[in-house]
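Worth knowing before you read on, the calculation uses all heavy atoms, side chains too, and leaves out hydrogens, waters and symmetry mates. Residue numbering restarts at 1 for every chain, and letters A, B, ... go by the order of the sequence lines.
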There are 2 protein chains.
Amino acid sequence: MTSSSPPPALAHSAGVAHAHKGDGDVLRCLVCDIRNRSLCSSMDEEGLAALAHSSRQLQLPPGTTIVEEGEPALAFFNVTGGTVKLFKSLPDGRRQITGFADAGQFLGLSTAQTYSFGAETVDNVRLCRFLRPQLETLLSDYPTFERRLLAAVTDKLAEAQEQMLLLGRKTAREKVATFLLDRMRAYHLTMGHTRQEVENLASVPMTRVDIADYLGLTIETVSRTISAFRRSHLIASAENHRIRILSVATLLTIASGQKPD
Amino acid sequence: MTSSSPPPALAHSAGVAHAHKGDGDVLRCLVCDIRNRSLCSSMDEEGLAALAHSSRQLQLPPGTTIVEEGEPALAFFNVTGGTVKLFKSLPDGRRQITGFADAGQFLGLSTAQTYSFGAETVDNVRLCRFLRPQLETLLSDYPTFERRLLAAVTDKLAEAQEQMLLLGRKTAREKVATFLLDRMRAYHLTMGHTRQEVENLASVPMTRVDIADYLGLTIETVSRTISAFRRSHLIASAENHRIRILSVATLLTIASGQKPD
DNA sequence: ACACGGACTTGATCTAAATCAAGGTTGCAT
DNA sequence: ATGCAACCTTGATTTAGATCAAGTCCGTGT
């Protein structure tokens, strides 16, 4: 009974799977390996201790609900490992994934009382949870942290605008090319440019359903388009839900709306 | 030769049309009639003086470029009257309007060196321009202002996610219904609920081309859909680029993805 | 080894919206 | 008043991507 059908577990109920006491280790944030790639990079040593104190670390299996659309917006999260999907839905079940949050990204900011979106883990995810009052205290106490958050939200907004261009005006082919390049960039970011072998690899832990709901397509169209790219030797499958991009240049051309195959 | 064909004028070159010296009147922001509906509501009297000192007021005719995609991000703007369109384009000219900024909305935030989007006036627009260094000073000097900006950007992000749902998953009919209701809400906001007569009016100063580029449709589909709504007596035309919404409830039902005409 | 279930692929057909193609309206400039 | 140009509407036809319909692949548990 390790991982059966109905996606269970709400992240902000009391005793969540593998919740670590934040007050135990002041070092947690100090030794966090992705800290330089996240909001937390704005903090000095004292600030990092405050962060560790204000947050709890969670480890969640695939398919776990993190936040639910319409529920009280009680917490803010920083993803430290794995991939989370954010989405909005229509009453009849149509769903739009508005973004994937990989390690280093935040989620859960809300001005309203309730979340205007849902969030669910794609694979095994580690994240730090900040309850609202604690986040507010941090923002007030550490102006550099607040400034960094403002910059991060501004970046997310620019990303969202790029995605609107994709959803409103790109063809299926252009959408999928853009997606693969984005996943390659995301993978490079989380791997920190460490190895040459990682080059041109994209990590694609999500299902075709998720990709389709992200690109405003059906799973069949996503599948066909990926197959076509594979047949044209623009990409090749790699182990572990990864895709090797054989011609970044061609894919870039396609993604930006110029014809070539 | 008041307003001929090729859309001219860059807003941040020295002597822009009707630029008012910011340092002249300390009262400008104090007496601003939309201040309570904007970022500026976070400021006390002293702050308002600082705002007036840090900004310049511009008055621009329809079709004026405010910011250009790829140009250095030198300024931040607060719209105090009229409507601005924000957009991104593909090399072949396909365009996606990512939002309309009405009175009280800001635009021009950027973390990068250059703007990732363009902005152009839809009708006669009044706006306050803050150069980057001046904005940064304001943020540092007035924490409540920075907090308010963070909230405003967070709201814009939620709006963007809603628009992604529209672009990726809604039908033409649902898109247009959503748009009309949004325009009604925008009109109510800028009119401040003053009059009963204003009820159920939507202000639509933009062309069909703009609406189509905002909804991810063609002008023909937008036109046909609006005509169909008119034929079904869900809406009616009103003077001055306005539309009267005859059945808000029905339009809401359609916008949220349930069938009814 | 095998079989079950979820995820993916591929093919055939359908359709919502795009494209192509005329007109009709409206407002401004002369 | 009249003519022009931009904007909008409506109709006919086409098409990209959706839907419908089988399979295939792959990982896990027995």
Have a look at A:Ile226 and say if it touches a base, only the backbone sugar-phosphate, or nothing, with a 4.0 Å heavy-atom cut-off. nothing

What is the nucleic acid contact for B:Thr218, judged by heavy atoms within less than 4.0 Å: base, sugar-phosphate only, or nothing?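 It contacts base atoms.
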
With a cut-off of less than 4.0 Å, is there a side-chain N or O of [X] near OP1 or OP2 of [N]?
| X | N | result |
| --- | --- | --- |
| A:Thr221 | D:dA18 | yes |
| A:Arg208 | C:dT9 | yes |
| A:Ser227 | C:dT10 | yes |
| B:Arg230 | D:dT9 | yes |

Once you round it to whole Å, what is the distance between [atom2] of [N] and [atom1] of [X]?
| X | N | atom1 | atom2 | result |
| --- | --- | --- | --- | --- |
| B:Asn240 | C:dG27 | CG | C1' | 13 Å |
| A:Arg169 | C:dT19 | CZ | P | 8 Å |
| A:Leu167 | D:dG17 | CG | P | 13 Å |
| B:Leu217 | D:dT9 | CG | C1' | 16 Å |
| A:Leu166 | D:dG17 | CG | C1' | 15 Å |
| B:Ile211 | D:dA6 | CD1 | C1' | 15 Å |
| B:Lys175 | C:dA16 | NZ | C1' | 11 Å |
| B:Asp210 | D:dA6 | CG | P | 16 Å |

Kindly say whether B:Ala255 contributes a backbone atom to a donor-acceptor pair with the side chain of B:Lys170 at under 3.5 angstrom?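 Between the backbone of B:Ala255 and the side chain of B:Lys170 there is a qualifying donor-acceptor contact (under 3.5 Å).
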
Using modelled atom types only, decide if a donor and an acceptor are shared between the side chain of A:Asp213 and the backbone of A:Ile97 within a distance under 3.5 Å. no

If you check every side-chain atom of [X], which of [options] has the closest atom?
| X | options | result |
| --- | --- | --- |
| A:Glu220 | D:dT10, D:dT9, D:dA21 | D:dA21 |
| B:Thr207 | C:dC8, D:dT10, D:dC7 | D:dC7 |
| A:Ser223 | C:dC8, C:dG11, D:dT10 | C:dC8 |

Distance-only donor-acceptor test (3.5 Å): side chain A:Arg173, base D:dG17: no

Can you check whether any acceptor in the base of C:dT9 is under 3.5 Å from a donor in the side chain of A:Arg231, or vice versa? no

Do A:Thr218 and A:Thr221 get their side chains close enough for a donor-acceptor pair, meaning under 3.5 Å?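 Yes - a donor-acceptor pair under 3.5 Å links their side chains.
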
B:Arg95 to B:Phe87, cation-pi by 6.0 Å centre distance and 45° axis angle: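 Because its charged atom sits under 6.0 Å from the ring centre and within 45° of the axis, B:Arg95 does stack over B:Phe87.
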
Using a strict cut-off of less than 4.0 Å between a Lys/Arg side-chain nitrogen and an Asp/Glu carboxylate oxygen, indicate whether B:Asp92 and A:Arg169 qualify as a salt bridge. no

Along DNA chain C (nearest heavy atom to each residue), the more 5'-positioned of A:Arg224 and A:His241: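 Here A:His241 is the residue nearer the 5' end.
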
